[in-house]
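Take a look at the structure set out below.
Below, chain A is the first sequence line, B the second, and so on; all start at residue 1.
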There are 2 protein chains.
Amino acid sequence: MPVAEMSTHLRQSAPLTQSLPEQIAARLSERIVSGAYTPGQRIMEQNVAEEFEVSRGPVREALRLLEKDGLVMILPRRGAQVTNPSIEEVNEIFDIRAMLNGLRDRLIAEGPQRVQLIPVLEQDIARLAETAANPGPGDEYIDIVLRLNRLLTQAAGNHRLQAILGSLAVQTVRYTRLGLSTPQRRQQSARNWQSLLQAIRDGNGDAAERIARQRVIDSRDAAAEHLRAQSA
Amino acid sequence: MPVAEMSTHLRQSAPLTQSLPEQIAARLSERIVSGAYTPGQRIMEQNVAEEFEVSRGPVREALRLLEKDGLVMILPRRGAQVTNPSIEEVNEIFDIRAMLNGLRDRLIAEGPQRVQLIPVLEQDIARLAETAANPGPGDEYIDIVLRLNRLLTQAAGNHRLQAILGSLAVQTVRYTRLGLSTPQRRQQSARNWQSLLQAIRDGNGDAAERIARQRVIDSRDAAAEHLRAQSA
DNA sequence: ATTTGTATTATTGTCAACAATCTTCTTGAC
DNA sequence: GTCAAGAAGATTGTTGACAATAATACAAAT
């Protein structure tokens with residue numbers, strides 16, 4: 001074997017669908033959201049570069065990409081560390097998400113794409129109702145919620161909104177999971193989704209916006225409740 | 001002549017307040033918003049590097065910073081070019097700004113900091129009313145509006161919101177100016193600011209949000225009107 | 001005249017080495 | 001024993017060179 005086998009398969013000889021920094025960022029992103037890198041942990045360029053067998057240049061760019069998504073914080077001369085947002089900052093992000101989800105769902109309720117969307121929503125929201133009361137951490141429920149959100153965010157047709165909401169969703173997914181960890185909350189959530197579906201059916205943008213905002217605020221409050229309980 | 005005199009003074013021997021990429025980004029940012037770089041124009045790393053007498057590394061980072069602010073678009077293997085948003089994209093950004101300005105002004109109307117803020121607002125908004133009807137492009141009026149917005153965005157106390165709104169404001173300042181280019185529009189705008197002031201005095205968050213949204217939507221429509229007139 | 005293939009050039013992507021700066025560890029004084 | 005100062009090490013910042021790729025110009029064939 002001429003050269004050490006690459007353990008990570010980052011390099012492909014065929015045309016790359018993703019740039020090298022993007023691939024590195026994706027791998028690091030997984031580790032952060034999965035908790036393999038703990039909040040506050042420092043990420044050193046040299047280590048990442050050696051692991052992926054690239055130089056520090058692409059790694060630097062990858063870390064900048066992660067910073068754009070709010071997953072790491074880059075301080076001058078101190079490098080990147082996994083973000084560890086305070087409860088206040090998490091609340092701030094949820095407030096922004098509430099407003100922008102309101103806009104998103106209004107755009108959908110008032111837009112022409114809602115007619116094709118309604119059957120898909122009906123199916124997913126029905127599954128939400130089915131799985132909400134299941135005991136346990138609710139991973140299945142949460143997966144459906146995340147997919148629903150992605151679907152709606154794409155369907156709204158506002159590209160900039162899509163980018164911002166995507167970034168904010170990544171930053172708060174940890175807390176969204178926390179907030180949906182009890183059957184009671186999931187049932188509350190499922191009721192909200194059904195209300196939203198009805199508002200979209202009716203083409204009622206005002207109602208869609210109000211319901212979306214309430215959903216995110218409920219999510220925020222539930223997460224805050226858990227965080228308070230944990231720290232106590 | 002031994003070596004070309006440095007025209008830009010980017011390098012200081014004393015401790016740098018801003019990092020090198022930040023300084024480069026600031027300089028390029030000026031040129032973009034001032035129109036020295038035209039929308040769609042390609043910015044080449046080598047050229048910028050030679051002009052500022054640095055290597056391409058910091059320039060690359062500077063361009064990534066500008067991308068984060070939405071001032072340039074970076075395409076793989078094609079480099080950076082000044083963003084040239086379509087009318088639709090500008091409308092999208094204004095919609096987002098409307099929602100987030102609503103949140104911002106609600107936070108202020110409902111927050112404790114409003115009592116210290118009210119005298120400052122009264123002064124600036126009075127000056128708005130004075131200068132609104134002046135003929136001409138309204139540069140003075142627009143300067144006050146921009147300062148007011150900065151003030152409120154900072155005072156709201158939501159750091160993430162501040163970052164997002166700052167970025168969106170930079171991207172739309174060109175169109176904001178366009179929308180405030182007639183005395184009629186400025187008088188409409190001034191009336192809106194006075195309504196906002198009253199809502200903040202009353203501590204009425206709902207009203208503050210509604211008024212803020214309306215203000216941005218008016219701004220959006222006025223800018224769109226001008227753009228339509230221009231292209232016809 | 002248009003189009004297609006090819007060669008050339010221009011530009012971005014990546015790398016390894018060096019410089020500057022921050023952290024940590026050791027040493028010494030009180 | 002605690003704290004301060006300095007030295008050693010570790011880490012980010014910057015640079016210039018090389019590689020890979022995309023844009024351009026030109027030539028030839030239809």
*Which distance, rounded to the nearest 0.5 Å, do you find between the CZ of R215(B) and the CG of D105(B)?*
5.5 Å
*Would you give a per-nucleotide map of nucleotides 7-13 of chain D, 5' to 3', where B means the base has a protein non-hydrogen atom under 4.0 Å away, S means only the sugar-phosphate does, and - means neither?*
----SBB
*For T182(B) and R185(B), indicate whether the former's side chain and the latter's backbone hold a donor-acceptor pair under 3.5 Å.*
yes
*Partners meeting salt bridge (charged side-chain N to carboxylate O under 4.0 Å, His left out) with E30(B) (sequence neighbours left out)*: none
*Only one of L152(A), V216(A), I96(A) forms a side chain to side chain contact (heavy atoms under 4.5 Å, CB included) with N101(A), so which one is it?*
V216(A)
*Indicate yes or no: does R60(A) engage E45(A) in a salt bridge with an N to O separation below 4.0 Å.*
yes
